[in-house]
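These notes concern the structure reproduced below.
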There are 4 protein chains.
Amino acid sequence: MHRGNRHGRSEAARQAVLDAADDLLAERGFAAVTVEGIATRAGVAKQTIYRWWPSKVDILLEAFTQDMAEHLFPPDEGDLGTDLRAHLHRLALFLTESDPGAVLRALTGQAQHDPELATRLRTDYLGQQRERDRQPLLRAIERGELPADLDVDLAVDELVGPLYYRVLVTGEPVPREFTDHLVQRFLRN
Amino acid sequence: MHRGNRHGRSEAARQAVLDAADDLLAERGFAAVTVEGIATRAGVAKQTIYRWWPSKVDILLEAFTQDMAEHLFPPDEGDLGTDLRAHLHRLALFLTESDPGAVLRALTGQAQHDPELATRLRTDYLGQQRERDRQPLLRAIERGELPADLDVDLAVDELVGPLYYRVLVTGEPVPREFTDHLVQRFLRN
Amino acid sequence: MHRGNRHGRSEAARQAVLDAADDLLAERGFAAVTVEGIATRAGVAKQTIYRWWPSKVDILLEAFTQDMAEHLFPPDEGDLGTDLRAHLHRLALFLTESDPGAVLRALTGQAQHDPELATRLRTDYLGQQRERDRQPLLRAIERGELPADLDVDLAVDELVGPLYYRVLVTGEPVPREFTDHLVQRFLRN
Amino acid sequence: MHRGNRHGRSEAARQAVLDAADDLLAERGFAAVTVEGIATRAGVAKQTIYRWWPSKVDILLEAFTQDMAEHLFPPDEGDLGTDLRAHLHRLALFLTESDPGAVLRALTGQAQHDPELATRLRTDYLGQQRERDRQPLLRAIERGELPADLDVDLAVDELVGPLYYRVLVTGEPVPREFTDHLVQRFLRN
DNA sequence: CATTAACCGAGACGGTACGTCCAGTCTTAGC
DNA sequence: GCTAAGACTGGACGTACCGTCTCGGTTAATG
């Protein structure tokens, strides 16, 4: 059944590992994400895991990157407020409700102990995500809705910072009223 | 050297454990904070640790709470802008530069994998800290600088959220310009 | 139930390990004597095994030494032929039929790949055994049954060599006729 | 480099495997004789090994059989004492000094854990060797030097048994005096 | 003279056992 | 009664080989 051969790795094994890691995280928490557990659940040998991933966080990182790939492109309705409200709300749902969001929270947690992972996480995910976060603002500048000299990065920090803060620090829910309020305060300025 | 006696726990042992945990975290990172490592470094038996702390995160939590206790009381200069700027800057320094800040980052990271720790962290630290964060705003309301119906919690999220976001997520520095800018934007509203 | 404490190791664990190793060898052969298998069967943690024994052959060596301790003291009936016949027969039974004999065969086999084990085996067992093998001859010399200038070591080689040869090399049985014949040939000289 | 063809196995690969196994045993001991190690050293695929040999001991067995093939034919000088002394001395040298002797010792060791190998070893080697060992005696019987009713097998056990015993068990050297002495004692009877 | 079957190397695969590290529990002797 | 010491079970770590399995390339008899 397995497809090990000179043409390279088994896609079936790869996917089974990623799925197993995801499932273990979702069902039993980060502490249950062990290489042995993944191997058993995926029906894969440990060596196969170590052959392709340096550590278990690399598995989660790949699983996350794959799952998250097409998500979170901000909508473009032609109105800054509409776009921002929709985007922040979707980001909040992603972080608090989705499986890849749970993986991201776990990885962000682990990154506090592991600078190398922190760097990788920023390279692999945050860079792209911030680019997506900037889109509504950049389009608004083009449309003249926002001044051309706006500090976009600062604006992004103001908009998404409180959201991540709730998710990662206070653990409070992030209802639509909250994200809408953030947008409202931002626009009033 | 050990101070076995029938009169209660050894304060020397307690402090040695807390110091050892702090030092290990600072010098060799969270992964090096093991109960055995702490015991060896502190010159203490593992059992002594387990007698007084349920787990290693409890040690860090206690070490952190002790170190952090008197810090971060927001100044009261009688002016909202001045107070907020000073407070946010000190918070930023605390989170990014201080040893207890490093412990807090590590604990916050661990809390992403450990809901029980998350709860404890909020109880033991965040509650108090948020109260301190609210002080400048409450005083400003009393002074009439801010409207009485201000949603203070939301305002705190707006002010400190971007700061934690930089510390925990993007890893970017948090210079005084950044915190000043946050205050400026907040006050302009 | 376990008795780990500062006074030293658990005798129960020690004996369980030795028994498990013995049993595995007897029941399922040398290939089944794995540290993990011993640990499981003995109801002991692997770490406990590695704490006290450097390798699995050390376990077998200790098990063997303990089992073999009081065996094989040659009889003293006051007659060389009688004593030698009895001693060789008992040695043959020990090597071919007994559990410690099976362990010795396995260790002797392993010693062919492991010079250090070979040395240990000679120190721990063969030295004593050869001393026992010499006893009947020495007593016969004292009684005047054998010349005082007899090369005792050579005589031992002649007497037991063919026996070990059958056991270890040809695998033929070692019946009483065979050992009796060896003695007869030796005495006729 | 490889010689794939439809007409049978590659002799080059076969010989490379046998040499690699021999060399590994001689240089790094039995524990280093692994199928992977042999394959790497021989520049051969593991599959090629498994195609032709059921296990690594089969490789050693074949290597040994090939190396040993023409050795050890007992001389025929027409005198029993002369022939036996020469034959035992050559056997001692073979077992203690030669490369195939080292392989035989390793195989004999392994055979203590592996009854199937023991059987094969007796079939492939010991049978022939014992036949060679019997030759000097049979010729002496024909010449009338020994009685016709001599138990030849027993005599062989007496002559070579002590030699194997020293090689496999006590590890003592087997000098010419020793083998000569065995012959002398045998002839005196 | 092109096909094509038998053999080759390479190497991924599911497994088992290795020897290590740490978690968390337990027992004892000393102060 | 608390302490240091340290043995204990348990479980995950990362590594080494096992024996099995494709695969693409090489070669030589066959068609």
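Per chain, numbering begins at 1; letters A, B, ... match sequence-line order. All of these numbers come straight from a predicted model, not from anything done at the bench.
Side-chain contact between D67(A) and D99(A) is absent, with no heavy-atom pair separated by less than 4.5 Å. Residues D58(C) and R120(C) meet the side-chain proximity criterion, which asks for heavy atoms closer than 4.5 Å. In this structure the side chain of V57(A) never reaches within 4.5 angstrom of the side chain of V33(A), judged on heavy atoms. Between Q110(C) and Q112(D), the closest side-chain pair of non-hydrogen atoms is not below 4.5 Å.
Across A111(C) and L117(C), no two heavy atoms sit closer than the pair N-CD2, 3.6 Å.
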Can you pull every protein N or O that's under 3.5 Å from an N or O on nucleotides 13-16 of chain F?
{"residue": "dC13(F)", "atom": "OP1", "partner": "V35(A)", "partner atom": "N", "Å": "2.9"}
{"residue": "dC13(F)", "atom": "OP2", "partner": "V35(A)", "partner atom": "N", "Å": "3.0"}
{"residue": "dC13(F)", "atom": "OP2", "partner": "E36(A)", "partner atom": "N", "Å": "2.8"}
{"residue": "dG14(F)", "atom": "OP2", "partner": "Y50(A)", "partner atom": "OH", "Å": "2.6"}
{"residue": "dG14(F)", "atom": "O5'", "partner": "Y50(A)", "partner atom": "OH", "Å": "3.4"}
{"residue": "dG14(F)", "atom": "N7", "partner": "K46(A)", "partner atom": "NZ", "Å": "2.9"}
{"residue": "dG14(F)", "atom": "O6", "partner": "K46(A)", "partner atom": "NZ", "Å": "2.7"}

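Separating the CG atom of D58(C) from the C1' atom of dG19(E) is a distance of 14 Å, rounded to the nearest angstrom. Residue I49(D) contributes atom CD1, which lies 13 Å from atom P of dT20(F) at whole-angstrom precision. Between R28(A) atom CZ and dG11(F) atom C1' the separation is 13 Å, expressed in whole Å. One interatomic measurement links the two molecules: CH2 of W53(B) to C1' of dA23(E), which rounds to 17 Å at whole-angstrom precision. One can place CD1 of I59(B) at 10 Å from P of dG24(E), the figure rounded to the nearest angstrom. Rounded to an integer number of Å, the gap from CD1 of I38(C) to C1' of dG19(E) is 14 Å. For the pair E11(B) CD and dC2(F) P, the computed distance is 15 Å after rounding to whole Å.
Put simply, CG on L104(C) and CG on L121(C) are 6.0 Å apart, with the number rounded to the nearest 0.5 Å.
If you run side-chain contact (heavy atoms from CB on, under 4.5 Å) between F64(A) and each of D124(A), L107(A), L18(A), only L107(A) comes through.
Put simply, R9(C) has no side-chain N or O that comes within less than 4.0 Å of OP1 or OP2 on dC8(F). Between dA7(F) and T48(C), no contact under 4.0 Å exists linking OP1 or OP2 to a side-chain N or O. Between R51(B) and the phosphate of dC2(F), there is no side-chain N or O to OP1/OP2 separation shorter than 4.0 Å.
Map G43(D) and A31(C) each onto its nearest nucleotide of DNA chain E; the residue landing nearer the 5' end is G43(D).
Helical stems of DNA chain E (runs of at least 3 Watson-Crick or G-U pairs, donor-acceptor distances under 3.5 Å) are listed by first residue: E:1-31 with F:1-31.
Sorted by first and then second residue, the pairs that involve residues 17-26 of chain C and meet side-chain hydrogen bond (donor to acceptor under 3.5 Å, both in side chains), not counting sequence neighbours, are Q15(C)-D19(C).
If you check the side chains of Q66(D) and R14(D), you find a donor sitting under 3.5 Å from an acceptor.
Within 4.0 Å (heavy atoms only), W52(C) reaches sugar-phosphate atoms of the nucleic acid but no base atom.
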